[in-house]
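In what follows, a single structure is set out as structure tokens and then discussed.
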Amino acid sequence: MSAAKVQKIIDDNGVVVFSKSYCPYCNATKSTLRSLDATFECLELDKMEDGGEIQDALQELTKQRTVPNIFINHKHIGGNSDLQKLNTAQLKAVLKEAGAI
Ligand SMILES: N[C@@H](CCC(=O)N[C@@H](CS)C(=O)NCC(=O)O)C(=O)O
């Protein structure tokens, strides 16, 4: 998948989590978002043929290679630790802005 396609996924969705299905940090992010009933697009890179290419494109775009790689309202948030730094009120506010809740 090209960088342009990765960018389109980010542009087309209020919340995107680039994830790996076995990753505990990704599970923590998904649990947090689900606990707030947020709608989000999740791509499990380890289950996708072009997951490695997506990870390469994400590294180019964000300078971050690890997953989860999280975007809210088309902005790069970072990884799970960055998401968890937001308190519930802050997270709800950005999710609302993104149209996810
Ligand atoms: N501090 C990061 C830790 C994320 C992390 O270490 N993720 C592992 C997977 S569990 C990773 O991306 N490893 C490199 C890889 O899978 O290519 C966060 O909070 O998101």
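Remember, it's 1-based here, ligands and their atoms both numbered in the order they're listed.
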Identify all N/O pairs between ligand 1 and the protein with a separation under 3.5 Å and present them as a table of atom names and distances.
| from | atom 1 | to | atom 2 | distance (Å) |
| --- | --- | --- | --- | --- |
| ligand 1 | 7 (N) | Val67 | O | 2.9 |
| ligand 1 | 12 (O) | Val67 | N | 2.9 |
| ligand 1 | 16 (O) | Lys20 | NZ | 2.9 |
| ligand 1 | 17 (O) | Lys20 | NZ | 3.2 |
| ligand 1 | 17 (O) | Gln55 | NE2 | 2.8 |
| ligand 1 | 19 (O) | Asn80 | N | 3.4 |
| ligand 1 | 19 (O) | Ser81 | N | 2.9 |
| ligand 1 | 19 (O) | Ser81 | OG | 3.3 |
| ligand 1 | 20 (O) | Asn80 | N | 2.8 |

Does some side-chain heavy atom of Ile77 sit less than 4.5 Å from a side-chain heavy atom of Phe71? no

Residue pairs involving residues 90-101 (criterion side-chain hydrogen bond (donor to acceptor under 3.5 Å, both in side chains); sequence neighbours excluded): Asn73-Glu97

Which atom pair, heavy atoms only, marks the closest approach of Ile72 to Val94? CG2-O, 3.7 Å

Which heavy atom of Leu36 sits nearest to which heavy atom of Ile101, and what is that distance? O-CG2, 3.3 Å

Please tabulate, for the side chains in residues 63-70, all donor-acceptor contacts under 3.5 angstrom to protein atoms that are two or more places apart in sequence or on a different chain.
| from | atom 1 | to | atom 2 | distance (Å) |
| --- | --- | --- | --- | --- |
| Lys63 | NZ | Glu60 | O | 3.2 |
| Gln64 | OE1 | His76 | NE2 | 3.2 |
| Gln64 | NE2 | Thr66 | O | 3.0 |
| Gln64 | NE2 | Pro68 | O | 3.0 |
| Arg65 | NH1 | Asp56 | OD1 | 3.0 |
| Arg65 | NH1 | Gln59 | OE1 | 2.8 |
| Arg65 | NH2 | Asp56 | OD1 | 3.2 |
| Asn69 | OD1 | His76 | NE2 | 2.8 |
| Asn69 | ND2 | Thr62 | OG1 | 3.2 |

With Asp12 via side chain to side chain donor-acceptor pair (under 3.5 Å) - residues at least two apart: Lys8

